[in-house]
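Just so it is clear, the structure is predicted and the values come from calculations on it, not from any experiment.
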Amino acid sequence: MASNSSGSDSSDRQRIAQQRLSVIAGHLQRPVEGNSGILAAECKAQGDKLDVSSERRTVPRRRQEIMKWNGWGYSDSKFLYNKKGQAEFTGKRYRLSGMIIPGLREWMESTFGANLQHKTPAAPILNSSVVQPPTLNEAFLKELKSTGIPFSHDAEDRVFRSHGHCLHEIFALREGKIGRVPDLVVWPNCHNDVVKIVELACKHNVCLIPYGGGTSVSSALECPPEETRSIVSLDTSQMNRILWIDEKNLTAHVEAGIVGQDLERLLNESGYCTGHEPDSMEFSSLGGWVATRASGMKKNIYGNIEDLVVHIKMVTPRGVIEKSCQGPRMSTGPDVHHFIMGSEGTLGVVTEVTMKIRPMPEYQKYGSVVFPNFEMGVACLREVARQRCAPASIRLMDNEQFKFGHALKPQVSSIFTSFLDGLKKFYITKFKGFDPNRLCVATLLFEGDREKVLQHEKQVYDIAAKFGGLAAGEDNGQRGYMLTFVIAYLRDLGMDYYVIGESFETSVPWDRVLDICRNVKARIVRECKDKGVQFPPLSTCRVTQTYDAGACVYFYFAFNYRGLSDPVHVYEQVEHAAREEILANGGSLSHHHGVGKLRKEWMRETISSVGMGMLKSVKDYVDPNNIFGNRNLL
Amino acid sequence: MCKGKQSDQLMEMAQALGAKTKVNSYTVDFEQCPHLLSVTGPVQQAGLEDPKCKLQKAKGTASLKDDEEFTDILEERRRTTDLSYALRTFNPQPYKGAPTLSTADLNKAVLESQYLCFIIKEIAMETGSSVEKVKEDASVILKEMSHNLQLGFIRLMGYTLNKVFKRLYRSIYVNMEGLNMLKQAIQESPVILIPNHRSYVDFLIISYILFTYDIPVPVIAAGIRLADVTIIGGILRRSGAFYIRRAIGSDKLYWAVLLEYVQTIVRTGYAPLEFYVEGFRSRTLKSLVPKLGMMDMVLEPYFKGEVFDITLVPISISYDRVLEESLLALELLGVPRPQESITGLFKASGVLQDDYGCMHVNFGRPLSARQLCEGKINWSEYNLIPRNLPQRPTAETQDCVNWLAHLIVRTQEEGSLISPWSLMACLLLQTPFTTLTEEGLQWHQLTEKTLWLRKLVLDFGARLNWPAHIPDSEVMSSTVALHHSIVHHKEDRIYLVQDEDPARQDPLSPEEGVMRMAVVVLMLVSYRNQALHVFVRPGILAIAIHITKSTRKDELFSFFCFLRDVFSDEFIFIPGRAAQDFEEACSLLQKCGAVHTSQQEVTVLETGLEVLSFLQKLLQPFLDSYQLMFRYLCEKEDHVFTEEQFLPDVRNLATKLILSGDLHTFEVLSSDMQKNVLSALRRLEAVTKLRASQQKEYKVNKAAVSRTGDILSGKVPLESLHTTPDARLQCQGFALMDVAGGRLALLSTVDPVIRTVSQVRGGSAQRERAQVQVTSGFGQSMEQLQLKHNVAWR
């Protein structure tokens with residue numbers, strides 16, 4: 001909402017913008033009597049006027065209304081074992097919702113040695129009394145009140161913004177343990193609100209921690225325990241409007257607090273999409289993507305966040321930073337966007353972003369290929385990357401993950417389907433001679449116009465065939481993608497039964513992909529053994545993105561912690577060792593999760609001392625008093 | 001399959017060997033040792049005729065000290081036929097990730113590897129020849145090198161070795177626990193088998209044992225000379241041997257083929273890889289300073305992350321009696337080694353009629369390269385260069401490999417079993433030679449001392465192969481009987497065997513007499529050497545105590561380090577572990593009641609004189625020999641000499657001195673010792689190799705050599721105060737220095753200039769990590785020369 005700044009040309013821009021908005025409104029097919037007001041009126045008034053669309057917002061100010069306080073996602077959606085001992089996914093939101101998953105129990109029992117008799121239930125409700133009373137900066141609070149920006153120091157609100165989704169964070173919450181939490185939560189409604197908040201924070205020396213979707217897995221949202229100032233969590237979730245759509249240039253100007261699913265849904269209503277689909281897109285926010293250098297599943301078509309962003313506006317203690325134009329590429333010294341992307345909330349708050357948009361794809365098709373072993377699969381992906389013909393998404397799951405995906409097959413109603421499944425299995429293992437304990441599966445997603453998709457599909461399957469790959473149907477493909485959306489819910493189920501786990505990722509040159517996968521998995525197994533874990537861990541990986549020069553590899557690691565006195569510590573030691581192994585094998589510190597506080601000990605060796613100095617000097621200039629004091633990255 | 005045909009051939013060969021008439025000069029005379037027969041009484045009643053079999057039974061019933069650990073694998077072989085053994089079902093469990101590669105696939109993979117292709121292109125560019133031509137050369141090299149392991153030949157080998165081993169040895173003891181650990185390890189990661197090498201016999205012993213116990217048989221790195229032996233070379237190749245040229249020098253293509261070949265085997269877990277880290281067969285039966293080339297090659301796939309881990313299995317093979325004992329002594333005395341050939345083998349077959357006691361094969365605990373190298377390798381150096389490009393290991397990596405190689409050899413030493421005979425050899429060598437040759441050593445005296453020594457080695461924690469349930473006297477006399485080639489037992493006295501050559505008419509010249517004597521003595525020396533590693537550390541401390549006459553721990557440590565440095569070609573010391581070695585020496589001497597140690601002091605106890613004097617005498621031949629060679633170098637007129645000149649000159653000088661009664665050791669005659677002195681002096685920079693010369697020409701710094709000799713004899717005190725942060729951590733309180741300190745002190749007397757110790761032997765053996773601040777003052781004369789050195793030891 002750049003138009004808020006008064007200027008001689010503002011009326012002209014407003015006119016154009018209004019035109020665009022009416023287009024959106026048309027797509028929304030809602031009464032839009034207030035749409036012109038969006039632009040003209042003061043931000044804080046908009047809340048009321050946009051009540052209509054606020055229904056459509058996924059994330060309310062009080063997250064507790066729909067989301068779990070000590071687990072992943074919506075309160076109504078979770079895995080559980082019903083009275084018959086069968087796994088079931090509750091709620092109505094997902095494809096899997098309301099279904100019985102017959103294979104899951106056996107998989108959990110055989111993979112982890114878990115047992116339905118051995119439960120580790122979570123603390124049911126948040127006990128506000130264990131939350132430390134807020135340390136409030138009265139002067140700041142007084143002035144904040146006068147701005148009219150909503151805020152809260154309610155214990156629940158603060159606890160919700162004190163963590164991301166690292167294992168140790170969720171584990172502590174489940175045990176009812178709560179550490180340092182923000183002292184105050186504020187909900188700015190627009191860019192100008194943010195400017196005011198940052199000004200006040202600087203004036204009163206208050207620590208600000210921006211909060212978007214809360215899906216961080218790098219301890220980035222944890223309040224630094226050494227922070228003595230009042231900590232204010234700046235929740236951007238209410239800044240969730242699409243301010244305009246530019247159909248000529250195919251861009252959209254969006255407030256940074258919008259979560260992925262809302263952004264896609266709203267754009268879809270106008271016939272567009274961004275195509276940016278990180279696995280966390282239901283809950284993660286645009287600002288968060290920018291701040292962590294996020295990557296989406298379909299980056300092969302649409303690009304990663306750095307490819308999608310055209311313009312960024314960020315509020316820093318020094319003032320607002322933005323470029324003067326929306327040119328698609330510039331040669332104007334180092335790209336200042338790259339100081340912002342990946343800054344992880346240490347420099348300021350991203351408030352508005354102009355993103356590329358694309359017309360919605362006409363046709364989508366899932367697919368899958370079975371390979372006799374992982375080595376062949378990787379060779380195939382490498383060839384696909386060499387020929388630059390990767391579909392929207394191509395992922396290669398290893399054998400363990402294939403079995404995991406298989407265990408998530410919902411109950412089939414017809415005997416015919418199960419008979420077909422049996423036949424397929426017979427064909428692959430017996431007729432084709434694939435070893436069920438070695439085979440692996442690549443899942444595919446094609447997008448575009450129908451004809452091209454089919455052509456593309458053929459090309460990819462032809463390459464796969466050269467590496468011994470057999471097409472294994474759309475169903476397997478789709479289930480593979482479902483796994484990534486429900487994995488976080490599954491972790492909660494595991495934690496009910498002594499199983500803890502996490503995922504982590506890296507990027508690595510092609511020639512090291514096989515080695516890194518093997519070595520990291522083996523290291524995890526060995527470390528678990530050394531650290532006294534009583535049961536063999538699940539240690540699995542997938543090659544989840546392909547690039548010209550390498551790939552992104554994603555690891556899942558989980559184990560049954562029965563018999564361990566400090567499971568989280570053991571978990572952290574193993575994860576630490578696994579990261580060391582990744583680095584030793586030529587992998588990067590992170591492909592898209594970011595550094596946060598969890599991985600910052602390796603930053604210096606990753607980017608060199610000079611590199612650290614460069615980042616440090618930017619931080620020192622932009623935020624000399626460390627107002628954005630979450631202490632990530634550096 | 002050509003198995004059938006070949007096996008017939010082999011069978012004939014074995015029969016021929018068996019039927020061969022006795023050309024050997026050594027036969028066990030069982031009449032002479034009635035005690036042996038008395039033990040085997042019950043077996044005799046059982047009607048078995050083979051005396052060796054009886055002995056083996058006797059040994060079977062009489063349990064060893066670690067009887068439960070070791071199993072005689074020949075025992076079962078004697079009960080079944082060789083043929084059924086050879087045709088047994090062989091069903092090994094290979095490394096789990098290993099694809100089933102044929103030898104042809106392996107060679108193809110090597111030739112098509114990106115690394116080799118890169119090098120081939122590079123060479124083609126450099127030499128201007130075509131890529132095809134260089135590729136052709138590479139495949140010729142590969143053909144010469146590659147093994148051709150075939151199960152049929154493994155069976156044949158099993159069949160033949162069965163015959164040979166049953167004939168040669170009473171028993172072959174193997175520790176089953178180690179074997180089981182190996183079996184497990186092979187399934188988990190690529191395994192490198194690293195045995196010591198004391199006899200040609202052990203070349204295939206590992207394969208033989210692994211075949212017997214259903215473990216994948218190894219491919220073995222062998223010297224190219226073996227390949228040229230008619231028939232045998234081919235058979236060994238088919239039994240898994242691959243051949244490496246000795247002097248590769250700067251042949252880039254050869255190195256590349258070798259590297260890729262070895263690494264492909266390791267990477268794919270094709271088969272366990274066996275090689276001798278000592279590089280050669282030890283002629284002295286003493287461990288050799290490890291060679292690093294092969295070690296580097298096999299570890300690199302791990303450093304590059306191409307395999308998760310590599311398992312190193314040190315294997316210690318110990319013999320009661322070594323097949324080639326006299327040949328080895330002759331070689332050491334400069335008699336040229338006979339070319340390996342099939343006729344040579346047949347000539348040696350007379351040797352097959354003799355009794356060689358037992359062999360012990362001790363499989364060490366599998367060592368994880370990953371665990372050992374933890375924190376010692378900087379991985380990122382491998383991350384910025386494509387892995388198929390050649391890459392020089394950094395100094396850090398080289399140090400790690402060097403350290404690891406030394407560790408392996410030390411582990412081999414610790415795993416070897418010491419025979420009663422080794423103990424006796426230690427004692428016999430401390431007896432005046434005239435006693436041994438003329439009046440003879442009283443049997444009861446030897447017995448008494450041997451039993452005393454037995455207690456000492458056990459105190460020192462050695463593995464001793466001393467049968468527990470046989471009376472000591474019988475163990476002793478059977479041992480002496482076994483070594484009839486060296487000593488004989490007559491009328492309660494022990495004499496050294498003096499080879500009387502009845503065919504010879506004219507009397508021996510005195511020089512010839514010395515040489516004759518030397519052969520027997522060096523044989524004795526080699527058996528002593530088998531036990532030496534147990535005594536080295538306390539022995540060096542004993543010498544330090546003797547020479548410095550000091551009780552101060554810091555002074556003793558300085559001198560200990562000096563000795564450790566001077567003799568680091570002679571004995572195996574793990575680099576960077578001077579302080580631990582010193583502590584070990586102190587605690588062992590304290591344990592056996594020889595000294596009392598406190599924070600600051602090491603005081604000799606009255607009761608410990610016997611131990612200290614034994615240890616000192618044990619190592620005295622080394623000191624004497626080194627001193628003699630130092631003297632030779634100092635008294636030479638010229639400053640430049642060649643190795644060809646040095647060896648005979650020293651030998652002549654020594655012979656003269658032995659004859660005049662001024663020198664009491666024959667060991668200086670050993671070419672091994674002579675070469676060790678040269679490399680020690682080069683390491684100490686008292687001798688430098690002249691670059692320009694084609695021949696091995698050296699330039700000697702006489703002042704430095706003489707200074708070393710003076711310190712070694714105690715004429716000039718080694719006084720210095722050194723601190724290394726490293727050592728200080730290890731020994732609380734007082735200032736210590738590590739090896740480098742000793743050398744530095746030495747250097748500074750020679751040339752008071754700050755210098756960095758150059759790399760010797762592919763990564764300096766004793767380079768210290770930290771900054772060493774050294775203040776050194778040497779004696780009164782040197783007092784004004786208080787040097788303050790700030791030396792950065794890389």
Side-chain angles (χ1 to χ4, degrees), chain A residues 372-376 378-379 382 398-399 433 435 437-438 468 506-530 536 539 541 549-550 553 573 576-589 602-609 611, chain B residues 94-101 105 109 112-115 117-118 184-185 187-190 263-264 266-269 299-311 366-389 391 394 396-397 400:
Chain A
N373 56 46
F374 193 66
E375 290 76 13
M376 297 288 248
V378 170
R382 206 279 161 266
D398 69 1
N399 184 262
D435 178 351
N437 291 313
R438 294 198 62 163
T506 186
S507 55
V508 64
W510 276 115
D511 69 325
R512 288 165 196 269
V513 168
L514 279 178
D515 293 326
I516 210 171
C517 290
R518 180 191 54 241
N519 292 352
V520 172
K521 289 200 289 185
R523 178 76 179 264
I524 288 170
V525 173
R526 186 178 281 196
E527 291 287 332
C528 280
K529 206 168 153 192
D530 290 353
S539 172
C541 71
V553 181
Q573 284 179 309
H576 190 274
R579 183 58 63 181
E580 293 272 347
E581 189 66 33
I582 286 175
L583 297 177
N585 282 275
S588 65
L589 187 54
W602 291 288
M603 267 302 271
R604 189 170 296 274
E605 68 175 276
T606 301
I607 63 168
S608 84
S609 289
Chain B
Y95 170 49
K96 62 180 168 195
T100 42
L101 275 181
D105 289 341
E112 287 173 359
S113 69
Q114 273 185 298
Y115 170 69
C117 290
F118 177 85
Q184 187 63 37
Q187 293 172 45
E188 283 163 12
S189 44
Q263 294 193 349
T264 307
V266 175
R267 261 197 307 262
T268 54
L299 286 176
E300 206 182 50
Y302 166 64
F303 294 151
K304 287 182 169 179
E306 292 169 325
V307 292
F308 178 68
D309 197 357
I310 287 176
T311 304
L367 303 170
S368 150
R370 174 173 276 270
Q371 257 164 25
L372 291 170
C373 298
E374 205 183 322
K376 294 191 164 69
I377 297 293
N378 176 17
W379 300 93
S380 60
E381 62 176 288
Y382 293 101
N383 287 340
L384 293 176
I385 296 175
R387 287 190 294 185
N388 54 316
L389 295 194
Q391 193 175 0
T394 59
E396 196 184 25
T397 307
C400 176

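- Residue A:Ile516: no heavy atom, backbone or side chain, is found under 4.5 Å from chain B.
- Looking at B:Asp309, only its side chain comes within 4.5 Å of chain A, counting heavy atoms on both sides.
- Atoms CZ and CG, from B:Arg387 and A:Asp515 in turn, are 4.0 Å apart once rounded to the nearest 0.5 Å.
- Within 6.0 Å of NZ in A:Lys529 there are 12 or fewer heavy atoms belonging to other residues, nucleotides or ligands.
- Listed here is the closest heavy atom pair of A:Asn519 and B:Val307: OD1-C, 3.7 Å.
- Atom CG of A:Asn585 and atom CZ of B:Phe308 lie 9.0 Å apart (nearest 0.5 Å).
- With rounding to the nearest 0.5 angstrom, the CZ atom of A:Arg512 is 11.0 Å from the OH atom of B:Tyr382.
- Note: A:Arg526 CZ to B:Ser368 OG = 4.5 Å, rounded to the nearest 0.5 Å.
- When heavy atoms are compared at a cutoff of 4.5 Å, A:Glu605 does not approach chain B at all.
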